[in-house]
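Because the structure is a prediction, the values reported are computed rather than measured.
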Amino acid sequence: QTNFGGGNFDRLLARVGGSFRPLLFAIRNSFRRRARLVLTLFTLAAGGLFFMAALNVRASMINTLDRMFATRKFDLSVALRDTYDQDRVQRAISNTPGVRRAEAWLASDASLGRDEFTLIGLPADTQLLEPQIVDGRNLLPSDSDAVVVNTALAKRFSQMRVGQTVSLQIGGVAKSWRVVGVAREAFSPAIGYVPLSVLQQQQSRVVNSLRFALDRTDEDSIAAVKADIDRRLEQNGVRARGGSSKAENRFGYDQHMLMIYEFLIVMSTIIGGVGGLGLMTTMSLNVLERRREMGLLRAIGATPRMVWLMIVAEGVVIGVLSWAIAAVLAWPVSKLVGDAFVGMLFHAGLDFTFEARGLVIWLLVSVALSAVASFLPAWRASRRTVSESLAYE
């Protein structure tokens, strides 16, 4: 006889026959060396966690950026070198070919106490910005002292809460503003939005920032419109400091996100490879310790193919167990990793999204990796003769 294990599992093996018996042997043998199994599972599960975290973080980044840029209804922004009379600017950019809508905004420095931030005056009828309001409401045309703050500004100042009144210094003049809403802006600095007409009461009727919605948004068309706008502004004595398209801004964010995604993928590949080598070592040791057992199986009728399948199945069982551990931990670990990396780069969180296909992909990878790692030990065990195997004590 040989010691395959005792208790309920042996009785189950005795009752089950046919093609299921090698699988049950594989499950039983997987748990024989628990310390070795735990170490192997830990490495393989870590590789799976990094892989699924990479997919989840990537999906969350795309979701966050999609939401952020969806609030921006303009295709081109142009910053002016100084503040200029609004009527002069409007005359310069009116009837520009390729421009569907143009708006002039005013960006100003404001302070609460000693801390400064940007305050942007928006036209009452603006159609080029639709903030994602998470608390309160957006600005109304009838507002005279209302301010909408983004999440970065609300996080910086505890008094920036809906319903609170704050006194802001703008150009050396203090004015009270009522916080009416909080807007979600994932990767933005601290910004407040107020009615343009109210902000101009303190700084005269001037603007220093332009936004354009264009008929065509391909790269060549945007470049042509921008050149035309710069020429028109120059002819009217207005100098532009610079401009950028929404596509260019999105590309910059995407490149930062790609760096995080690639890092996680590389880490998962390295750790998964180490886990595969560890599994191969584990299977080789398991087979070495059970040489006599394999000989007895061969003596009672097991074919080399059955022995090979049993060992490969044992490796696959370990791979599936590691996948199950990674699958359970994927959601919280992915959110933690995503918020940590994005927090370091942009001081903001993600609109988390779970990429379900990562579970399927890593299950297939785990099964394939485990089968490959078990192939050589299984092949060596199946090649030994009965007499060679029984010779070991």
Side-chain angles (χ1 to χ4, degrees), residues 50-78 100-101 103 105 118 120 122 126-139 148-155 181-193 209 211-219 221-222 225-226 243-265 330-361:
F50 271 93
F51 176 80
M52 285 187 276
L55 293 186
N56 292 334
V57 169
R58 178 178 178 273
S60 300
M61 290 172 179
I62 292 174
N63 181 44
T64 304
L65 290 175
D66 285 346
R67 290 187 176 186
M68 183 179 76
F69 281 94
T71 66
R72 305 178 184 183
K73 305 302 181 181
F74 53 88
D75 304 302
L76 176 65
S77 60
V78 175
R100 188 173 69 255
R101 182 178 177 84
E103 291 184 1
W105 297 0
T118 300
I120 296 179
L122 299 176
T126 180
Q127 297 180 21
L128 300 187
L129 185 69
E130 293 182 5
Q132 181 187 346
I133 302 297
V134 294
D135 189 18
R137 63 170 176 82
N138 199 4
L139 295 174
V148 171
V149 301
N150 68 1
T151 44
L153 186 57
K155 185 178 180 180
V182 178
R184 163 81 167 149
E185 290 185 335
F187 307 126
S188 172
I191 296 176
Y193 298 98
S209 182
R211 300 293 186 273
F212 302 91
L214 307 182
D215 293 328
R216 301 177 62 181
T217 57
D218 58 279
E219 185 176 350
S221 297
I222 292 176
V225 171
K226 183 178 180 301
S244 62
S245 68
K246 183 162 69 171
E248 290 172 339
N249 293 331
R250 177 62 186 263
F251 179 77
Y253 279 108
D254 286 339
Q255 290 303 108
H256 281 89
M257 301 307 181
L258 183 62
M259 177 179 64
I260 299 174
Y261 172 67
E262 289 179 343
F263 170 78
L264 293 174
I265 286 292
W331 183 292
V333 170
S334 297
K335 192 174 189 312
L336 180 65
V337 169
D339 286 341
F341 276 103
V342 175
M344 286 189 295
L345 288 175
F346 302 106
H347 305 288
L350 289 173
D351 295 326
F352 184 73
T353 299
F354 189 81
E355 186 65 78
R357 65 173 180 170
L359 294 174
V360 178
I361 294 174

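- Residue-environment remark: CD (Glu219) stays at or below the threshold of 12 foreign heavy atoms within 6.0 Å.
- Side chain of Asp135 to backbone of Val182: no donor-acceptor contact under 3.5 angstrom is found.
- A donor-acceptor pair under 3.5 Å is formed between the side chain of Asn150 and the backbone N or O of Ile191.
- Residues satisfying the salt bridge (Lys or Arg N to Asp or Glu O under 4.0 Å) test with Lys335, not counting sequence neighbours, are Asp339.
- Every salt bridge (Lys or Arg N to Asp or Glu O under 4.0 Å) that Asp66 has, sequence neighbours left out, goes to Arg250.
- Looking at residues two or more places apart in sequence or on another chain, you find a side chain to side chain contact (heavy atoms under 4.5 Å, CB included) between Ala183 and Pro131, Ile133, Val148.
- Scanning both residues, Asn249 and Arg72, for their nearest heavy atoms gives ND2-NH1, 4.5 Å.
- Considering CG of Leu139 and OG1 of Thr126, their distance stands at 9.5 Å, rounded to 0.5 Å.
- Separating the CG atom in Leu55 from the CZ atom in Phe50 is a distance of 13.5 Å, to the nearest 0.5 Å.
- From Met61, atom CE reaches atom OG1 of Thr353 across 12.0 Å, with rounding to the nearest 0.5 Å.
- Nearest heavy-atom pair across Met52 and Gly358 is CG-O, 3.8 Å.
- Of the inter-residue distances, the one linking Met68 atom CE with Arg184 atom CZ reads 10.0 Å to the nearest 0.5 angstrom.
- Remark: side-chain polar atoms of Thr71 are not paired, donor with acceptor, to backbone N or O of Leu129 under 3.5 angstrom.
- Atoms CE and CG, from Met259 and Leu264 in turn, are 10.5 Å apart once rounded to the nearest 0.5 Å.
- Side-chain N or O atoms of Ser245 include none that pairs as donor or acceptor with a backbone N or O of Leu76 at under 3.5 Å.
- Of the possible polar contacts, one joining the Thr64 side chain to the Asp351 backbone as a donor-acceptor pair under 3.5 Å is found.
- Within the 4.5 Å cutoff, the side chain of Arg58 has no heavy atoms near those of the Glu355 side chain.
- With contacts defined as side-chain heavy-atom distances shorter than 4.5 Å, the pair Phe352/Ser334 qualifies.
- In this structure a side-chain-to-backbone donor-acceptor pair under 3.5 Å is present from Glu103 to Gln127.
- Using bins of under 30°, 30° to 60° and over 60° for the plane-to-plane angle, the ring pair Tyr253/Phe69 lands in the perpendicular bin.
- Taking CG of Leu128 as the start and NZ of Lys73 as the end, the distance is 10.0 Å to the nearest 0.5 Å.
- For Arg137, the salt bridge (Lys or Arg N to Asp or Glu O under 4.0 Å) criterion is met by Asp143, not counting sequence neighbours.
- Residues passing the side chain to side chain contact (heavy atoms under 4.5 Å, CB included) test with Arg216, sequence neighbours excluded: Asp218, Ser221.
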Test log, rule side chain to side chain donor-acceptor pair (under 3.5 Å), inputs Asp75 and Thr217: CA-CA 7 Å; Asp75 304 302; Thr217 57; 5.4 Å; no

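- A 4.5 Å side-chain heavy-atom check between Trp331 and Asn56 finds every atom pair outside the cut-off.
- Qualifying ring pair (Phe, Tyr, Trp, His ring centres under 6.0 Å) partners for Tyr193, counting only residues two or more places apart in sequence or in other chains: none.
- Two residues are said to be in side-chain contact when any heavy atoms from C-beta on lie closer than 4.5 Å; Leu359 and Phe354 meet this criterion.
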